Amino acid sequence: MNDNNLYTVDFDARAKQILAQEPLLSAREVEVTFSLRGKKLTAIRRTSLDLYEGETLAIVGESGSGKSVFTKCFVGMLDKNGSITNGSIMYQGEDLAQFTEKDWLRIRGKKIAMVTQDPMTSLNPLKTIGYQIQESVELHQGLKGSAAKQEVLRILEAVGIPDPVRRYRQYPHEFSGGMRQRVVIAIAVACRPQILICDEPTTALDVTIQAQILDLIRRLQKEQNMTIIYITHDLGVVANVADRVAVMYGGQIIEIGMANEVFFDPQHPYTSALLCALPQLGVKGEKLPAIDGTPPTAYTKIVGDAFAPRNKHALNIDFQEEPPMYEVTGTHMVKSWLRDPRAPKVEQPKAIQRLSQISMTSTGTDPSAYHPHLDPNRETLIQVKDMQVTFGSGRKKFVAVDHVNFEIYKGETFSLVGESGSGKTTIGRAIVRINPITSGEVLFKGERVSGKISKEMDTKVIRSMQMIFQDPMASLNERAKVDYIVSEGLINYHLYNNEHDRQDKVQRALQEVGLLPEFSSRFPHEFSGGQRQRIGIARSLIMEPQFIVADEPISALDVSIRAQVLNLLNDLKKSRGLTYLFIAHDLSVVRFISDRIAVIHKGRIVELAEAEELFAHPLHPYTKALLSAVPNPNPYVERAKKLLVYDPDQHHYEKEGPEWTEIIPGHFVYANRPELDGYRKEMRL
Amino acid sequence: MGKYILKRCGYIVVVFLILSFLMYSLYNLIPTDPARQELEPQRKGLKADEYQMLYQQLRKEMGLDDPLVVRYLRWMGLWQDTDGTFNGVLEGNFGYSNLYKRNVVEVIQAPMGNTIFINIFSTIASLSITIPLGIYCAVHKGKRFDSATQVVTMLGYSIPVYIIALIFMYIFCVLWRVFPIMGQKTAGMEYANSWEEFVDMLYHIALPVIVMTFGSLGGMTRYVRSSMIDALSMDYIRTARAKGLKEKVVIYSHAWRNALLPVITSILGWFLGIFGGSVIIENTFSLNGMGKLYWQGLNNMDFELVLAIQMFYSIVSLVGSLLIDISYGLVDPRVRVDK
């Protein structure tokens with residue numbers, strides 16, 4: 001599937017190539033200001049960037065770092081209240097910063113095109129796919145009528161959409177997310193642009209689809225000789241695609257260099273902290289080195305180094321004066337006082353050293369860690385027996401969860417991994433009794449908690465099983481104070497003696513999740529995403545549960561915040577003896593946090609094993625495909641990886657049906673007999 | 001799509017039956033009945049017990065003593081009438097107007113034509129003003145013209161239509177004398193041909209149409225504006241701009257149809273509002289329309305006339321909602337039903 005020479009990379013040769021060229025696009029001292037309700041907000045603070053022909057540059061940053069705003073300047077698509085207030089962007093002898101809307105019509109879409117983030121919303125729902133691509137073809141290539149249509153069909157084929165003639169007439173809602181992103185890409189490349197800006201092109205997609213899309217962009221880049229700017233927060237994606245990496249923070253590029261330089265020898269404390277906070281580099285059972293605090297926004301007043309307030313080892317000068325750009329090598333530049341001759345020498349942290357050694361099969365594990373499922377006296381907390389959940393009825397019946405069996409032992413973190421629509425959230429919701437189950441049963445400490453149960457039992461179960469929700473921005477009532485949000489469960493079940501006792505409990509819960517007690521009188525909108533997720537965790541903790549379903553608790557959070565929340569969850573597990581059902585799509589996070597992992601595909605658990613065992617010996621072809629697609633932060637490993645594709649038709653279940661089998665103790669797989677034989681051979685049993 | 005429409009038509013029939021029964025029962029609460037209306041002229045010449053006897057007899061003859069359901073079915077034309085025939089709404093007989101001493105169908109014809117004519121005029125007029133105006137304001141959001149329009153539409157929105165009517169009458173009929181103050185045709189005028197008659201009618205209904213249009217401008221303009229602003233902030237508009245399309249193409253080819261979706265749904269309520277509003281307008285301008293007829297019917301307790309008009313309004317809203325749903329499917333491929 002992969003054209004191998006697309007992937008092997010010699011960064012030194014690329015660096016030489018780049019240094020020999022004149023930049024294709026050159027942004028100098030760009031400053032972007034927005035006016036909002038009479039206030040002036042500086043989103044980009046005088047930053048510079050050179051782009052070279054044929055390269056892939058990744059711009060990495062958290063939300064609010066200005067990465068999107070900065071690149072929007074290159075296509076003249078700043079929001080109406082924003083403007084470039086300083087600097088120049090030279091492209092083909094013209095200064096894009098001075099362009100009027102009329103000038104932009106010559107460049108935008110034609111020379112510089114853009115692929116936007118969310119494929120579900122970036123296509124017009126009322127126009128056919130064909131029309132939307134043809135519009136671009138007719139506008140920029142001057143083709144009309146059937147010639148234009150032929151070109152559209154060719155492009156559809158080129159971006160890997162099968163049956164283009166039929167697809168041409170279809171509407172966006174008839175396409176899946178990955179297919180829609182292919183269409184968005186088709187629109188962008190239809191006019192053969194010189195520069196393609198991809199703004200988080202795969203963030204909204206599943207990992208296997210993500211890998212395919214990245215592959216597609218890489219192929220198109222080679223075919224059409226495009227220069228590509230990737231904007232992303234995902235370091236795995238960066239490792240996969242980038243020749244050069246620029247790290248943005250607080251509206252400035254703080255470090256830029258070849259991918260190998262930035263990944264293996266990060267110079268800015270922020271870059272290094274960001275890499276260290278990756279769960280792939282964490283040691284299981286130990287804390288992830290998280291970055292405290294939250295990234296600055298346009299409202300923050302920045303003095304000196306923007307990262308200084310969150311940097312534990314910040315120098316005095318970091319708080320006073322903005323550092324200049326220091327040159328590390330010909331291609332590697334960093335904006336940090338640490339490069340000043342007077343600054344103390346800092347050694348690269350252990351995690352960064354680990355980065356060059358990691359591969360898919362090994363990760364740091366604390367050998368003394370306690371694994372509840374290996375304990376001979378293990379206690380089964382949750383038992384799911386033959387659970388089936390269906391939605392709708394009759395012809396519209398949809399089986400979301402199909403005969404699922406597993407056990408969760410007290411004190412462990414059990415993870416459910418699957419792609420969107422696989423039914424993982426439905427299982428979590430069914431266990432905490434939000435969704436009714438169609439057949440099968442759920443046992444909690446040996447007692448049935450599914451279906452009709454007594455009122456006392458219901459109260460007891462709700463108290464001991466709580467849920468943490470995915471999107472902290474949407475899961476808190478904006479009109480209620482934190483005090484009420486956190487104690488709503490207490491109020492419902494009268495679990496407090498008097499008002500004083502209730503407030504006391506709220507304050508203790510807030511402190512436990514690392515928030516200040518005085519926050520209880522504030523409203524949710526005053527908090528950042530990470531803090532809001534802490535409020536969500538406090539809300540579930542106050543009921544003193546034994547079991548928590550954490551439904552993608554970190555996927556909506558910024559990279560530097562994720563580590564904080566993961567650490568918090570692990571700390572609470574130790575201090576409270578909690579048991580988690582952790583639902584996620586990000587395998588690298590799951591590997592770091594969980595004891596055992598179940599892989600779910602289309603409502604069925606296809607494989608279940610201890611975390612390390614699963615990564616070492618994946619058996620089911622779907623698990624293998626999923627694992628092969630997981631981004632790895634080591635650029636060499638990531639680029640050399642071979643992508644596997646799972647085709648459900650490869651099983652021959654019509655002859656002999658599959659069964660849920662324990663192939664070795666603790667490792668379950670859903671397979672039929674011939675497959676099991678094959679798996680045993682694979683494991684040399 | 002055809003099956004879907006058939007299904008919807010089936011629903012309409014059921015809803016209509018339920019609605020008409022409820023209405024029939026409600027209007028039966030009016031403290032009078034056709035028998036009493038019939039006897040009213042002779043009442044003075046009769047003694048009390050004679051009157052009572054005649055009244056009871058007449059009630060029996062007219063079938064008024066039968067149960068409500070039977071009377072309803074008879075009125076609908078699903079039950080034998082007292083003379084043994086089926087003669088009801090389904091056969092085209094809406095009853096007899098005691099006020100006008102004619103069949104309801106005859107009474108209702110001319111006013112219905114007038115009302116539909118006026119309403120269609122003002123609907124077209126206000127849509128062709130509000131939609132472009134709303135779009136323009138959305139595109140130029142926050143500019144001076146937009147702010148000014150916001151103020152004017154707010155005024156139009158908050159002033160009741162009868163006040164607007166009076167103000168307009170004062171300006172156009174009293175101060176400037178451009179339009180006639182009331183009625184539908186020039187008094188005592190002989191027309192050479194029907195064209196002349198039509199033109200005279202247009203001249204007379206101009207002011208009512210202007211008033212109705214003005215009264216409905218506010219809400220609709222604001223609605224179009226806000227849904228257009230929503231549409232323009234969508235991701236696919238960004239995609240369209242990134243393609244390098246001109247802003248005009250972005251607005252008219254991509255944003256506008258999407259902005260239309262919520263507008264379509266609101267048109268129904270608004271359309272009915274115009275019909276309802278015409279009760280006031282028709283009275284103010286002394287137009288011979290359904291609104292005025294309804295009002296007169298209610299005042300004179302003309303039970304079957306009022307019921308017929310009520311049924312007309314129900315049918316307008318039921319068919320209207322079907323039309324809205326069908327047109328929604330035409331505009332939005334996502335709700336198109338293929339089965």
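In this text the structure is predicted, and so the values were computed from the model without any measurement. What you see below is based on every heavy atom in this structure, not just the backbone, and it leaves out hydrogens, waters and symmetry mates. We name chains A, B, ... by the order of the sequence lines, and we start the count at 1 in each one.
For chain B, the nearby parts of A/Gln132 are the backbone and the side chain; heavy atoms of each come within less than 4.5 Å. With a 4.5 angstrom heavy-atom cutoff, A/Lys80 touches chain B only via side-chain atoms. For chain B, the nearby part of A/Leu139 is the side chain; its heavy atoms alone come within less than 4.5 Å.
No more than 12 heavy-atom neighbours from other residues, nucleotides or ligands sit within 6.0 angstrom of NZ on B/Lys246. By the neighbour-count criterion of 12 heavy atoms within 6.0 Å, atom CH2 of A/Trp104 is densely surrounded, having more than that number from other residues, nucleotides or ligands. Crowding of B/Gln150 atom CD: a count of heavy atoms from other residues, nucleotides or ligands under 6.0 Å exceeding 12. For A/Phe391, the CZ atom counts as densely surrounded, since its 6.0 Å shell holds more than 12 non-hydrogen atoms of other residues, nucleotides or ligands. The neighbour count for B/Arg144 CZ, taken as heavy atoms of other residues, nucleotides or ligands under 6.0 Å away, does not exceed 12. Counting heavy-atom neighbours within 6.0 Å of B/Tyr157 OH, excluding the residue itself, gives a total of 12 or less.
To the nearest 0.5 Å, the span separating CD1 on A/Ile133 from NZ on B/Lys243 amounts to 8.5 Å. Put simply, CZ on A/Arg108 and CG on B/Leu245 are 9.5 Å apart, with the number rounded to the nearest 0.5 Å. To the nearest 0.5 Å, atom CZ of residue B/Arg241 and atom CE of residue A/Met114 are 12.5 Å apart. The distance from atom CZ of B/Arg238 to atom NZ of A/Lys72, rounded to the nearest 0.5 Å, is 5.5 Å. Put simply, CG on A/Leu126 and OH on B/Tyr236 are 6.5 Å apart, with the number rounded to the nearest 0.5 Å.
Side-chain contact check for B/Asp235 and A/Thr121: at least one donor-acceptor pair (N or O, by modelled atom type) lies under 3.5 Å.
Heavy-atom pairs under 4.5 Å with chain B were tallied for A/Ala113, A/Pro125, A/Ser136; the largest tally goes to A/Pro125.
Between B/Thr239 and A/Val115 there is no side-chain heavy-atom pair separated by less than 4.5 Å. Using a 4.5 Å heavy-atom cutoff, the side chains of A/Glu135 and B/His254 are in contact. Looking at heavy atoms from C-beta onward, B/Ser253 lies in side-chain contact with A/Lys127 at the 4.5 angstrom threshold.
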Just do the side-chain contact (heavy atoms from CB on, under 4.5 Å) check on A/Asn124 and B/Met234 with the steps written out, would you?
CA-CA 9 Å; A/Asn124 189 338; B/Met234 288 300 187; over 6 Å; no
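Between A/Leu105 and B/Gly244, the shortest heavy-atom contact is CD2-O, 3.5 Å.
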